[in-house]
Amino acid sequence: MNPFKDLKAVVVTALEDMARDGALPAGLDFERVGVDPPRDAAHGDVATNAAMVLAKPAAMKPRDLAEGLAARLREAAHVQVVEIAGPGFINLRLDPAYWQGCLAGILRAGTSYGRSDLGAGQPVNVEYVSANPTGPLTVAHARGAVVGDAVASVLAAVGYKVTREYYINDAGTQVDVLARSAYLRYREALGETIGEIPSGYYPGEYLKDVGAALAARDGDKWLVTEEEAWLPVVRRFAIDTLMTRVREDLAALGVRQDVFTSEASLVEAGGSDAVVRTLEARDLVYTGTLEPPKGKVLDDWEPRPQMLFRATRFGDDVDRPLRKSDGTWTYFTADMANHLDKYRRGGEVMIDVWGADHGGYVKRMKAAVEALTEGKGHLEVLICQMVKLLRDGEPVKMSKRAGTFVTLREVIDEVGKDVVRFIMLTRKNDAPLEFDLTKVMEQSRDNPVFYVQYAHARARSVLRLAATELPDLDQAPAALATVPLARLTDSTELGLIKHLSLWPRLLEGAAEAYEPHRVAFYLYDLAAAFHGLWTKGKDEARLRFLVADDAEVTAARLALVQGTALVIAAGLSIFGVEPVEEMR
RNA sequence: GCGCCCGUAGCUCAACUGGAUAGAGCACCGGCCUUCUAAGCCGGAUGUUGCAGGUUCAAGUCCUGCCGGGCGCGCCA
């Protein structure tokens, strides 16, 4: 059920008929032919650019081509008016019966309306969050979490087989710093005065819990041992504790990932070595010395020969180091192992959601995927820009260095997970986002979460009232598909159906572009259309949803209300947001 | 210095992968509640899409060069 796809088929069929009749050259590619809702409703219900994009390959004048196509489209079912406009657009207006039929189709499809098999079951791996387990999640992490989760849901809805993945960065020097920081808190928990946290350590208060928990478990046994004895134990303990907390935070946000891959175990299992061997076999590894970056002062720079990956062969700016001077692998090497692992587990298509501070890392990872998969794997990276947390328009003070930052958990506790999720999706991922804790709780049109929820609540409210007044009417979507929908004739009613008819097309577009925010804007527009119809019924009694002496029109309108509620709920469920039954 | 991202109405942002006269909200003005939620709706103004070129029937969208902002730039992750 996809009205605009059906309309495209109508146009393509007409073009094929023309080719068969000799009105068009044979073998034209209709790929670029668009059949879209026009920006301006005055242009009709649907517009196609077919005459313009085919004019050149067909060696015809756009106007002539348009005349021929328009003549055939006039014969198509439900086509009321066909006009040629501007440089060669063909505008179609469809009769009310077409749109009434669409509503019936939407209701028959029910909750599966909008879903499709576009992806044809192709596997896609979406990796997101992947935060270091060195502290609680923040609002910045939340954006990546929600965007990744929504991209995954959008792709799943259009038929891809999606794996949601988290890569745990539990190896390297940062987790050693974590361990030493936690050890300080452990000593503190056992009564020592540790004073100010030295620089280079994680100062966050949250590590007090970790230290105390370790003291409770192991007593004072690590106080007297050397670092090499306690470090692996404390590190493991701290990582496990913090990862548990990360998972709890994600659960509170409604994010549940399928696969958690540990960098440490990947390296331990020889993943990095395997990556280097693979690259060596393809002659993509050499020992060389990198130039210092120009225009940037590096006081401790000294030229050093190191093991390098020929990333420049795959479009990167410089070749990239694989091994640190202490002999261990770089983060990059381990992450290559991660991506090779994902690829082998069955994902030619991989999507990574990263923070803005990793933007400089995109080219090398794409280069690595191309090299490791011999061009068969494809990596797409979505960069999430900053989240500016505000309260009443004023920035909320945060400093990671001083350990004073607002955690995701605090924000969820304050405004609720649904608000966090929706707001995080009201911007393109690569645009900065303002998150005003005051504004998102406002009940006004300025707050999209409220506005969309209100529309759904109003729709449900009508259906509740109808259930008591018309107990014999079956409100199930499939049942409402059979009522006399021809009674829906007002332009506002038909306009609302047209909005609903866009949903499958919009969802596919959001999936192909990896842009879940489109769903948020769609829902906002749909809510506006519904609120408009609602109020029109207040002004003109004949347009009220429930008309006491006309059971038919009431049933038809309830079908429209049900369809609207259905689509809003479907959109919100893509976002992992619960549609509300009533506003409080 | 180099690379990536961004630049649209006074403010916050859209613009359906190149379509028609660039649209919403906020703010400002004026209307609409004995009736399904007025937490809403209707009407009113606002633009050299940072600048300059180029490609195209068609450019906010693609290409080149500038200007402005953000992020990043060997052995952190």
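Order of the sequence lines fixes the chain letters, A, B, ..., with proteins taken first and strands second; residue numbering starts at 1 for each chain.
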- A/F89: which of A/H43, A/M52, A/E83 passes side chain to side chain contact (heavy atoms under 4.5 Å, CB included): A/M52

- Go through B/C36, B/A24, B/A15 for me and flag the one nearest to the A/R518 side chain. B/A15

- Mind checking the P distance from B/G19 to B/G53? Whole angstroms is fine. 23 Å

- Message: With a 4.0 Å cutoff (strictly under), does any side-chain N or O of A/R445 reach OP1 or OP2 of B/C41?
- Response: yes

- Ignoring backbone atoms, test whether A/H517 places a side-chain nitrogen or oxygen under 4.0 Å from the OP1 or OP2 oxygen of B/A15. yes

- Query: Taking the six-membered ring for Trp, are the ring centroids of A/H531 and A/Y451 within less than 6.0 Å of each other?
  - Reply: yes

- N or O in side chain of A/K536 less than 4.0 angstrom from B/C41 OP1/OP2: no

- Does B/C75 have OP1 or OP2 sitting under 4.0 Å from an N or O in the side chain of A/T330? no

- Message: Determine whether the aromatic ring centres of residues A/Y128 and A/Y166 are separated by less than 6.0 angstrom.
- Response: no

- So, is A/R464 near the phosphate of B/U37, with a side-chain N or O under 4.0 Å from OP1 or OP2? no

- Message: Would A/Y524 count as stacking on B/A24 if stacking means ring centres less than 5.5 angstrom apart and planes tilted under 30 degrees?
- Response: no

- Item | Phosphate contact (B/A77 OP1 or OP2) by A/K324 side-chain N/O below 4.0 Å | yes

- Comparing A/L465 with A/F450, nearest RNA chain B nucleotide closer to 5' gives the residue A/L465

- Is the backbone of A/E394 close enough, under 3.5 Å, to the side chain of A/D392 for a donor and an acceptor to pair up by distance? no

- May I ask you to say what A/D300 touches in the nucleic acid, namely base, sugar-phosphate or nothing, with a heavy-atom cut-off under 4.0 Å? base

- Item | Dot-bracket summary - RNA chain B, pairs being Watson-Crick or G-U whose distances fall under 3.5 Å, with | when paired to another strand | (((((((..((((.....[...)))).(((((.......))))).....(((((..]....))))))))))))....

- Query: Any side-chain N or O of A/R304 under 4.0 Å from OP1/OP2 of B/G74?
  - Reply: no

- Here the gap from A/S501 atom OG to A/L506 atom CG, rounded to the nearest 0.5 Å, amounts to 12.5 Å

- Query: Counting any heavy atom closer than 4.0 Å, what does A/T173 reach on the DNA or RNA strands: base, sugar-phosphate only, or nothing?
  - Reply: sugar-phosphate

- Query: Expressed in whole Å, how much space separates the P atoms belonging to B/C29 and B/G60?
  - Reply: 34 Å

- Message: Between A/K388 and A/D436, does any NZ, NE, NH1 or NH2 come within less than 4.0 Å of an OD or OE carboxylate oxygen?
- Response: no

Shorter than 3.5 Å, N or O on both sides, protein versus nucleotides 44-48 of chain B: list them out with atom names.
none

- Message: Quiz question: going by heavy-atom distance under 3.5 Å, is there a donor-acceptor pair between the base of B/C75 and the side chain of A/Q306?
- Response: no

- Say you pick atom P in B/G23 and the same atom in B/U49; how far apart are they, in whole Å? 13 Å

- Message: As a test of reading the structure: which of B/U37, B/C16, B/A77 is closest to the side chain of A/P37, going by heavy atoms?
- Response: B/C16

- Query: So which nucleotide from B/C13, B/C41, B/C75 ends up closest to the side chain of A/T535?
  - Reply: B/C41

- Query: Contacts to RNA chain B from residues 504-513 of chain A, heavy-atom cutoff under 4.0 Å, which residues?
  - Reply: A/R505, A/E512, A/A513

- Among the candidates B/G19, B/C75, B/C36, find the nucleotide nearest to the side-chain atoms of A/N49. B/G19

- Centroid distance under 5.5 Å and plane angle under 30°, A/H43 vs B/A20: yes

- Item | Nearest-nucleotide pick for A/D539, side chain only, options being B/G74, B/C41, B/C32 | B/C32

- Integer angstrom distance from the C1' of B/U12 to that of B/G7: 14 Å

- Under the rule syn = chi within 90° of 0, otherwise anti, which is B/C28? anti

- Hey, does the side chain of A/T312 reach the backbone of A/D319 with a donor-acceptor pair shorter than 3.5 angstrom? no

- Counting any heavy atom closer than 4.0 Å, what does A/N91 reach on the DNA or RNA strands: base, sugar-phosphate only, or nothing? base

- Message: Can you pull out the residues from residues 429-441 of chain A that lie within a 4.0 Å heavy-atom distance of RNA chain B?
- Response: A/D430, A/P432

- Considering the options A/V567, A/I568, A/L507, which one meets the side chain to side chain contact (heavy atoms under 4.5 Å, CB included) requirement together with A/Y522? A/V567

- Do NZ/NE/NH1/NH2 and the carboxylate oxygens of A/E493 and A/R557 come within less than 4.0 Å? yes

- Message: I'd like to compare against my own output: the B/S/- annotation of nucleotides 54-61 of chain B with a strict under-4.0 Å heavy-atom distance to protein.
- Response: --SBB---

Atom pairs, protein N/O to nucleotides 64-73 of chain B N/O, distance under 3.5 Å:
{"from": "B/C71", "atom 1": "O2'", "to": "A/A356", "atom 2": "O", "distance (Å)": "2.8"}

